[in-house]
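Okay, so here's the structure we're looking at.
In what follows, chains are A, B, ... by sequence order, proteins preceding strands, each numbered from 1. Every heavy atom of this structure was used, including side-chain atoms; hydrogens, water molecules and symmetry mates were not.
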Amino acid sequence: MIRFEDVHVSFGNLEVLKGINLVVAEGSKTVVIGPSGGGKSTLLRTINLFEKPKKGRVLVNGHDMNGIANHKLYQARQSIGMVFQNFNLYPHKTVLENLTMAPILLKRGSKQEVTERAMANLAAVNMTEKVDAYPSQLSGGQQQRVAIARALTMNPEILLFDEPTSALDPEMIQEVLDTMERVAEERNITMIFVTHEMKFAEHIADRVLFLDGGCIMEDDIPQEVFHNPKNPRTTAFLGKILH
Amino acid sequence: MNGPFSWRNWLTWFQDWQYFLQGFGRTLWISFLGLFFTLLIGVAVGLVLCGKSRALKRLCKAYMSFFQNTPLVIQVFIYYNMLPKLGIMMGTVTIGVVSLALYTGAYAADIVASAIRAVPLGQMEAAQSQGFSYMQSMMRVVLPQAVKVGLPPMTNQAVNLIKNSSVMAVVAGGELMYCTDSWSGNNLIYGPAFVMTGILYLIICLPTSMLARHLEKRSLKDA
């Protein structure tokens, strides 16, 4: 479970998150939508403490991420996978090495066990045939699918998707959305998606947050947020995005 | 043929070639050790420059400013003449290695820092998001990529270091340039000695700088 308690995050004088209170249930699929600069990515990045709250706290499975010792933070991050906008695969490693390096070195299973897990995850994202390729030999969509498999190979309890399709060419977006959808359906992992793909959000989420100006403006099931928004800013935002 | 390049002068040089070989060997040894410690200093200082500690950064910048902006020959002179007065005694090889490593290390640190900064920030974040510490992320993910960027300019520094080892001649370092100097002074034969010494430096430096060019081309191709 992830719990935000009055979380404020600032970059210099700019307050990006203004007192977020939020509970994300275990195994749930939450989608965060909202205009650029609204604090969506920052919200995601506070969960693994890539951004430190100036005030308030983020509790992951009961542990205050800001208050724990460094080695405990590193350990906690092993259970919090992250998929980035720009994939961030390790270019000097093959696809398989990208998947196995961290779990082997951080001892999340024996080499054989991790390799088997990696191969199963590559199969799940339809990338088995590229096991020995380097990231530079893959298309953007393929790289993102490998990045998803890499995050899964850590056996995470929480998976964060930070605009995973924003850097992709239009024809590659669908393959990544399909992959994410399949993973979301098949795995009992708490997932939070920051995305501009509204159809995907409506289809996959059991909860949608609309974030604007550093505040959660709307928090409801997708049907309500998309078809019966309560906040005029949500209506205005959806109007711009959907039409 | 008469003058500084007479046959007699060349013959005398070839009779004493082993003396030069000894100096050549010492130049190689000092350069090898100097390069090893240069890399250690370069990586350590480069990492600090990319780190968060302001105090350490200032200290490293002060070190770099001092060593980059004073002539190497003065630094060698200080180690040789002044440190013994403070009770610090070093042999000439040690002086050579220390002076070359500190001097070239100040440049190497800049190269390492630039190479680390050239690796996209997302790489460090990806590694840290998997649970690697800052240092593990550096060693496993960032530095292996930075090596590709930093290797060509670092190889150029290696060439500079080898040539700069000739400064040891001012403190009787026993390396190639010192051998050339003392042999020429003793025999009053300068031409063949300096030409052959130049050729010997070329034998080490030319392949090294060709390697630098090759690495540079390869890294541009991979980019």
(message) Would you compute the distance between atom CZ of Arg140(B) and atom CG of Leu105(A) and round it to the nearest 0.5 angstrom?
(response) 4.5 Å
(request) Taking the side chain as every heavy atom from C-beta outward, state whether Met101(A) and Val141(B) have any pair of such atoms under 4.5 Å apart. (result) yes
(message) Please classify the contact of Gln130(B) with chain A as side chain, backbone, both or neither, using a heavy-atom distance under 4.5 Å.
(response) both
(request) Calculate, to the nearest 0.5 Å, the distance between atoms CG and CG belonging to Asn88(A) and Leu121(B) respectively. (result) 9.0 Å
(message) Please classify the contact of Ile80(A) with chain B as side chain, backbone, both or neither, using a heavy-atom distance under 4.5 Å.
(response) backbone
(message) Is it the case that atom CD in Gln112(A) sees more than 12 heavy atoms from other parts of the structure closer than 6.0 Å?
(response) no
(request) Answer with side chain, backbone, both or neither: which region of Arg150(A) has an atom nearer than 4.5 Å to a non-hydrogen atom of chain B? (result) both
(request) Using a cut-off of 6.0 Å, state whether more than 12 heavy atoms not belonging to Lys57(B) lie near its atom NZ. (result) yes
(message) If I take atom OG from residue Ser137(B) and atom OH from residue Tyr90(A), how far apart are they, to the nearest 0.5 angstrom?
(response) 7.0 Å
(request) Please check if atom CD in Glu181(A) has more than 12 non-hydrogen atoms from other residues, nucleotides or ligands closer than 6.0 Å. (result) yes
(message) Please check if the number of heavy atoms outside Arg58(B) that lie under 6.0 Å from its CZ is greater than 12.
(response) no
(request) Return yes if some donor-acceptor pair links the side-chain N/O of Asn48(A) with the main-chain N/O of Ser129(B) below 3.5 Å, else return no. (result) no
(request) Select, from His92(A), Met82(A), Gln78(A), the one with the greatest count of heavy-atom pairs under 4.5 Å involving chain B. (result) His92(A)
(request) State whether the side chain of Gln123(B) and the backbone N or O of Leu89(A) hold a donor-acceptor pair below 3.5 Å, judged by distance alone. (result) yes
(request) Starting at CZ of Phe50(A), measure out to CD of Gln128(B) and round the result to the nearest 0.5 Å. (result) 5.5 Å
(message) If I compare all heavy atoms of Tyr74(A) with all of Tyr134(B), which pair ends up nearest, and what's the gap?
(response) OH-N, 4.1 Å
(message) Can you tell me if Phe32(B) has over 12 outside heavy atoms packed within less than 6.0 Å of its CZ?
(response) no
